[in-house]
Structure formats: C-alpha cells, structure tokens
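Have a look at the structure below, then the notes.
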There are 2 protein chains.
Amino acid sequence: MNIGAASKASGLPTKTVRYYADIGLVEAPSRTGAGYRSYDESAVRKLAFVRRAREFGFSIDECRGLLALYEDSNRSSADVKRIAEARLEEIERKQRELQCLHDELEHLVAACAGDGRPDCPIIDRLA
Amino acid sequence: MNIGAASKASGLPTKTVRYYADIGLVEAPSRTGAGYRSYDESAVRKLAFVRRAREFGFSIDECRGLLALYEDSNRSSADVKRIAEARLEEIERKQRELQCLHDELEHLVAACAGDGRPDCPIIDRLA
DNA sequence: CTTGACATTCCAGTAAGTGGAAGGATTAGT
DNA sequence: ACTAATCCTTCCACTTACTGGAATGTCAAG
C-alpha cells in the first residue's frame, strides 16, 4: 500500500502520514525499490488509531503513550485510564475557562448598542 | 519609561512587549540615545488594552482591529460588536465541541475498570 | 570602578501540521 | 514507444503567539 492508499484508508492526509513517520509516531514498515513508503494493514490501523485519539484531543505525546499501550497485550487498563482522566480534567478546565469568557463576552455584546455611535461597553471593558 | 517599567505597568512580559513592537502591534513611541525603547502612558494603555483583549481570546489580528477602533473616536460600536460576536460564536462552537468530547470521554473513563487487566473500552473505542 | 540589573539583537524552538517547489516513478492511453 | 497525468520523494518555509537563551551594551549604586 503506497502512502496515498494508506492515507485514504486511515483518514489522514498524506502530509500528516509522512509527518507521523518523520517524528517516529507511525513508521511505514518498509520502502519499495523506488523509495516509496509501503504501509500494511497493521500500520494503517495504527494511523487510524492515532487519528481517533487526536480527534479526542490527545496530544501527539499522549498518542505515543496510547499507541504503546494499544500494542501491548499485557497492558493494564489503569494506565490507559490515567491518561484519559488527565485529558478529561484538561477538558473540564478548558470548559470552565470558556464558560467565564462566554458569559462575560455575551454580557458585553448584549450591552453594546451596535449602532453608528462610538460609545461601546466592549471597548470600555478592554480600556 | 523603559521596557521593564512598561512591562510591569501593562502586565505583559518584556519579551511580549518587544514582540508586539516587532509585529507592529504596539510600537514604542521613541528610543533613548542608547537605543532603549521608551514607552509613554498612551503606549502602556494600548499594551494593557491588548493584554485584556488577548485574555478574552481575541487573536492578534482581532486585537489589531480592536486597537484601531479603540483609537478611533469616530468608531461605530457596530464594528466592535461584529468582532465580539464573531468571537462569541467561536467560543460557542468550541464549547459544543468540548461538550461532545467530554461526554464521550467521561463515559469511557467510567466504563474502564482501571485495574491490572488489559481489557479497556478506551482503547477499544480508538482501535 | 565594579557589580548587578537592566537593555539590545538575533537565533532557535514550541505543537502539529500545511503549502509548495523541484524532481523521480508509475500508470493509462494512444 | 511516447506522452500526459498522477503519484511519490525530499526539503524548505510558513502558521500562532510567543518564550528561552546567548552574546553584548548601558546605566545606577556603593
């Protein structure tokens, strides 16, 4: 499987597949005589695994850890859970932060006349 | 006012103050004989304005626009409101996205035994 | 007069890719 | 067999918004 086919099968752009090989995340198992990267089913599964983990917001480094656990049939689910819990806390922290921003900004937007006059509570709040 | 004093007064690190000058966001009004940047009250107000706008999550480019409006005594509050509304929608989009992630991840974390066995619904979901 | 705190510039790195150029390989169609 | 289109390769630059550090210059105090 050339990189284009692996890209389609995994759902990642070829650029990203190549990038993941560059940083040693998911390497192509071999190269053809012409130097083309050659992906097999197992590599494609790993690429798709990483894609899904990234969609969950796991960092590349976390993906590295998850991938190692994915490949380790003797893993402890506790190890996976720890990573996921850390990510969950991060999400919750970000949610609280966004909620504060949202509420204050919504308040300001509501208070702003939005007409041709220069008076603006949004600017006032920033000044 | 040297950059250190302007930094303290505005609440931005000196590195950032220098960076904002480099990208033409908030330039120091003048330089001393030795080449030190010299900030006045007005420049410090702009720096602090940008700091607060950044805390609201406005991008540097949005800050550029807000700063121009801040300085324009003939501004229309409608122009400010447009920028703020765009930011608000962005926040709401991100909130929805995070909520989805949160719910699914929380579900998975709850379903994971977190013990020494390898069976793990989190890994299963990513595989 | 020296020490310490400040200032300067420039280079490099961060996260996670994306875009593009220059050039080689393969495949389809004629 | 030739050619065009598509695919692949590497390498370099760019993105966001800074941050860290090195080498060097300046200023105020004791």
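Below, all heavy atoms of this structure are taken into account, side chains as well, without hydrogens, waters or symmetry copies. What you are looking at is a predicted structure, and each value in this text was computed from that prediction instead of being measured. Convention: sequence-line order gives letters A, B, ...; per-chain numbering from 1.
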Mind checking whether B/Phe49 and B/Val26 have side chains closer than 4.5 Å, heavy atoms only?
no
Contact list please: residues 25-36 of chain A against DNA chain C, heavy atoms, distance less than 4.0 Å, in numerical order.
A/Ala34, A/Tyr36
Has the side chain of B/Arg87 got a donor or acceptor atom that lies under 3.5 Å from a matching backbone atom of B/Gly57?
yes
Polar side-chain atom of B/Asp40 near backbone of B/Ala43 as donor-acceptor pair, under 3.5 Å:
yes
Under 3.5 Å, is there a donor-acceptor pair linking the side chains of B/Gln95 and A/Gln99?
yes
Taking all atoms of both residues into account, what is the closest heavy-atom pair of A/Ser7 and A/Leu12, and its distance?
OG-O, 2.6 Å
Do the charged groups of A/Lys94 and A/Glu90 touch, with an N to O distance under 4.0 Å?
no
Assign A/Arg37 to base, sugar-phosphate, or nothing according to its heavy-atom contacts below 4.0 angstrom with the strands shown.
sugar-phosphate
Is there a salt bridge (charged side-chain N to carboxylate O under 4.0 Å, His left out) between B/Glu89 and B/Arg93? Walk through the geometry before answering.
CA-CA 6 Å; B/Glu89 273 168 37; B/Arg93 196 183 42 67; over 6 Å; no
Which heavy-atom pair separates B/Phe58 from B/Glu62 by the least distance, and what is that distance?
CA-OE1, 3.2 Å
Contact boundaries on DNA chain C for chain A, cut-off under 4.0 Å to non-hydrogen atoms:
C/dA16 to C/dT26
Residue pairs passing the side chain to side chain donor-acceptor pair (under 3.5 Å) test where at least one lies in residues 10-24 of chain B, sequence neighbours excluded
none
Sorted by first residue and then second, give each salt bridge (Lys or Arg N to Asp or Glu O under 4.0 Å) pair with at least one member in residues 46-56 of chain A; sequence neighbours left out.
A/Lys46-A/Glu71, A/Arg51-A/Glu55
Expected output is a numbered-order residue list: members of residues 88-100 of chain B with a heavy atom under 4.0 Å from any atom of DNA chain C. What is it?
none
Do the side chains of B/Glu104 and B/Arg125 get close enough for a salt bridge, i.e. N-O under 4.0 angstrom?
yes
For each nucleotide in nucleotides 14-24 of chain D, reading 5' to 3', give B when a protein heavy atom comes within less than 4.0 Å of its base, S when such contact involves only the sugar-phosphate, and - otherwise.
---BBSBB---
Judged by modelled atom types alone, do B/Asp115 and A/Ser77 share a side-chain donor-acceptor pair under 3.5 Å?
yes
